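Notes follow once the structure below has been shown.
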Amino acid sequence: MTTVPIPEGWPTTEERARAVQDELRARLVLDEPGPPPGTGHVTGVDVAYDDARDVVAAAAVVLDAASLAVVAEATAVGRISFPYVPGLLAFRELPTVLAALAALPVPPGLVVCDGYGLAHPRRFGLAAHLGVLTGLPVFGVAKNPFAFTHEDPAAPRGSAAPLLADGEEVGRALRTRDGVKPVYVSVGHRVSLDNACAHTLALTPAYRLPETTRRADALCRAALREATRAV
DNA sequence: GCGACAG
DNA sequence: ATCTTGTCGC
């Protein structure tokens, strides 16, 4: 596991953070389909916090996209770099996530993160931000609809309904298990929404949430427990 | 104007 | 995200 400082120049105010989003948004690449499902690596990233102790732990878990077997894992621990503010989640999660990705012994391939990409007040959520900073194809799968609305998808797995903002499709409510609450898929960088949904279905053979996020969630919690143990 | 709102 | 016991079910 690696320990990371908060980066130089990291925003400290909400105003500055929003300005950074507006600047970086111009570097988004949205016209690439991204890698096809079932090929190469798919990497899940997630973060866990202990606000009282000012500790954040991130995990990156690389899966073989065909078998969903774990290929590699890495964790990183740091100080909390930003408070939780809806719309500014990336400033709280990214420094540690970037360190965990950098610590991987293999290329991450396609990255799946918790939260949104284009489904964001300024069209620049966590997945988009991570994509621009790394250059990697990234999309997000969120567990809640944030401030967006959608029709209820049909009951069978694979059914979907557009997630709309001002009449524009910024993501999709996708049913990954029959009759179970959908997940919210949103493109980040260098992946199409159709392909992101196909990947999400390929990553959910047994549970509502993708194997990538389930694995990363378990690992970052373990890393947080370890980092805050006996202190 | 106020509140809600990814994690 | 996190605080938290037992419980129902495959």
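A quick note: this is a predicted structure, and the numbers were derived from the prediction, not measured. In what follows, chains carry the letters A, B, and so on, assigned in the order in which the sequence lines appear, proteins first and then strands, with residues in each chain numbered from 1.
- A straight line from CG of A:Leu94 to C1' of B:dA6 spans 13 Å, rounded to a whole angstrom.
- The CZ-C1' distance, from A:Arg92 to B:dA6, rounds to 12 Å in whole Å.
- Using the six-membered ring where Trp is involved, A:His129 and A:Phe91 have ring planes that are perpendicular, over 60° apart on the 30 and 60° scheme.
- Atom OH in A:Tyr84 sits about 10 Å away from atom C1' in B:dA4, given to the nearest Å.
- As judged by a 4.0 angstrom heavy-atom cut-off over every strand, A:Ala142 is placed among residues touching the sugar-phosphate backbone only.
- Of all heavy-atom pairs between A:Leu164 and A:Phe148, the closest is O-CD2, 3.7 Å.
- Taking atom CD1 of residue A:Ile80 and atom P of nucleotide C:dT2, one finds them 10 Å apart after rounding to whole Å.
- Close to B:dA6, at under 4.0 Å from its OP1 or OP2, lies no side-chain N or O of A:Tyr184.
- One finds no side-chain N or O of A:Lys143 lying less than 4.0 angstrom from the OP1 or OP2 phosphate oxygen of B:dA6.
- Of the candidates A:Val47, A:Val45, A:Leu94, A:Leu126 forms a side chain to side chain contact (heavy atoms under 4.5 Å, CB included) with just one, namely A:Leu94.
- Residue A:Asp50 is out of contact with every strand shown, counting any heavy-atom pair closer than 4.0 Å.
- Atom P of nucleotide B:dG7 and atom CG of A:Leu224 are separated by 17 Å, given to the nearest angstrom.
- B:dC5 atom P lies 17 Å from atom CZ of A:Arg122, rounded to whole Å.
- Across all strands shown, A:Tyr49 has heavy atoms under 4.0 Å from sugar-phosphate atoms exclusively, and none from any base.
- Among C:dT2, B:dG7, B:dA6, the nucleotide with an atom closest to any side-chain atom of A:Asp114 is B:dG7.
- Residue-level contact check: A:Ala48 touches the backbone only, with heavy atoms under 4.0 Å from sugar-phosphate atoms and none from bases.
- Contact annotation for A:Gly140: no contact, since no heavy-atom pair falls under 4.0 Å across all strands.
- Note: CG (A:Leu163) to P (B:dC5) measures 15 Å, nearest angstrom.
- How far OG1 of A:Thr204 is from CG of A:Leu68: 9.5 Å, rounded to the nearest 0.5 Å.
- Within the structure, every side-chain polar atom (N or O) of A:Asn144 is placed at least 4.0 Å from both OP1 and OP2 of B:dC5.
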